[in-house]
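Quick note: residue numbers are just sequence positions, from 1.
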Amino acid sequence: QVQLEENGGRLVQAGGSLRLSCALSGRTFSIAMGWFRQAPGKEREFVASITANGASTHYHDSAKGRFTISRDNEKNMVFLQINGLKVEDTAVYYCAGRTSGMVSSYATDYTYWGQGTQVTVSS
């Protein structure tokens, strides 16, 4: 089993930056990680994913250029850096883990989910 806990969400003005973090605990070996988000009234959508060893990343087209996923396996942490925040980035952000070490953009490929952290961007 793997437990995930997100942190870092808050109210921020448009144009600002945030770094979300996700702490992993339990059997974290060879777990690929992803970040998803869900805005009010919308379906959960993929943002970014990173392989278990951190060597490869994959982004939704809309996330390229402003979002950066990274991980520190020694500290069992995964991060999502968001720059140039926009009002439309307002959502609950979730980190997710899958036992395959490979990236995926499909929520159904992920077994483990955190509770989410709220990001609110004001204009």
Side-chain angles (χ1 to χ4, degrees):
Q1 284 283 19
V2 177
Q3 293 78 43
L4 305 176
E5 183 175 2
E6 305 94 336
N7 275 291
R10 62 181 175 88
L11 174 64
V12 63
Q13 284 194 325
S17 297
L18 273 180
R19 188 172 84 153
L20 306 181
S21 63
C22 175
L24 288 70
S25 60
R27 301 184 67 177
T28 60
F29 182 73
S30 293
I31 299 293
M33 295 296 296
W35 283 97
F36 291 76
R37 68 183 184 182
Q38 188 166 17
K42 295 187 177 181
E43 294 187 353
R44 190 170 299 189
E45 66 175 6
F46 169 72
V47 176
S49 181
I50 189 166
T51 52
N53 64 5
S56 182
T57 58
H58 176 56
Y59 295 90
H60 189 279
D61 284 346
S62 65
K64 293 177 181 177
R66 294 194 300 120
F67 292 71
T68 303
I69 188 171
S70 61
R71 67 189 300 163
D72 183 339
N73 284 343
E74 289 190 1
K75 296 181 179 179
N76 287 331
M77 297 290 293
V78 179
F79 305 99
L80 184 69
Q81 177 73 36
I82 313 172
N83 298 324
L85 279 155
K86 303 177 181 181
V87 172
E88 52 264 40
D89 293 324
T90 295
V92 177
Y93 285 72
Y94 299 89
C95 65
R98 62 186 304 238
T99 52
S100 164
M102 304 305 294
V103 297
S104 173
S105 60
Y106 297 100
T108 52
D109 284 344
Y110 292 82
T111 304
Y112 308 106
W113 291 84
Q115 293 300 308
T117 187
Q118 175 71 49
V119 173
T120 303
V121 184
S122 63
S123 58

Separation between CD1 of I69 and CD of Q81, rounded to the nearest 0.5 Å: 12.5 Å
Pair T57-V103, side-chain contact (heavy atoms from CB on, under 4.5 Å): steps then yes or no: CA-CA 7 Å; T57 58; V103 297; 5.8 Å; no
Hey, quick one: are Y94 and Y59 part of the same hydrophobic cluster, counting side-chain heavy atoms closer than 4.5 Å, chains of contacts allowed? no
E88 CD: over 12 foreign heavy atoms closer than 6.0 Å: yes
Would you mind listing every side-chain hydrogen bond (donor to acceptor under 3.5 Å, both in side chains) that reaches into residues 2-11, with sequence neighbours excluded? Q3-S25
Output every pair passing salt bridge (Lys or Arg N to Asp or Glu O under 4.0 Å) with a member in residues 30-44, not counting sequence neighbours, ordered by first then second residue. R37-E45, R37-D89
From CA spacing to verdict: side-chain contact (heavy atoms from CB on, under 4.5 Å), V92, T117: CA-CA 5 Å; V92 177; T117 187; over 6 Å; no
Kindly indicate, with the supporting measurements, whether the criterion side-chain contact (heavy atoms from CB on, under 4.5 Å) is fulfilled by I50 and W35. CA-CA 9 Å; I50 189 166; W35 283 97; over 6 Å; no
When rounded to the nearest 0.5 angstrom, what distance separates OG in S21 from NZ in K75? 11.5 Å
Could you tell me the separation between the CD1 atom of I82 and the OG atom of S17, rounded to the nearest 0.5 Å? 9.0 Å
Using modelled atom types and a 3.5 Å cut-off, is there a donor and acceptor pairing between side-chain atoms of Y110 and backbone atoms of C95? no
Which other residues belong to the hydrophobic cluster containing L11, where Ile, Leu, Val, Met, Phe, Trp and Tyr are joined when side-chain heavy atoms lie under 4.5 Å apart, directly or via other members? none
Got a donor-acceptor contact below 3.5 angstrom from the T51 side chain to the A32 backbone? no
Short side-chain to backbone donor-acceptor contact, R71 and G54, under 3.5 Å: no
Looking only at non-hydrogen atoms, find the nearest pair between P40 and T90 and report the distance. CD-O, 4.3 Å
With a 3.5 Å distance limit and no angle check, can you tell me whether S49 reaches the backbone of M33 through a side-chain donor-acceptor pair? yes
Is any side-chain heavy atom of H58 less than 4.5 Å from a side-chain heavy atom of S105? yes
State, to 0.1 Å, how close F36 and W113 come at their nearest heavy-atom pair, and which atoms those are. CD1-CH2, 3.6 Å
Using 0.5 Å steps for rounding, measure from the CG atom of N76 to the CD1 atom of I31. 10.5 Å
So CG of N73 and CG of L24: to nearest 0.5 Å the spacing works out to 8.5 Å
Closest heavy-atom pair and its distance - Y93, A91: CD1-O, 3.4 Å
Between the side chain of Y112 and the main-chain N/O of T99, is any donor-acceptor distance below 3.5 Å? no
Would you please indicate yes or no on a ring centroid separation below 6.0 angstrom for H60 and F67? no
Please answer: with hydrophobic residues joined when any side-chain heavy atoms are less than 4.5 Å apart, are L20 and M77 in the same cluster? no
Would you check, one step at a time, whether the test side-chain contact (heavy atoms from CB on, under 4.5 Å) holds for T68 with F79? CA-CA 8 Å; T68 303; F79 305 99; over 6 Å; no
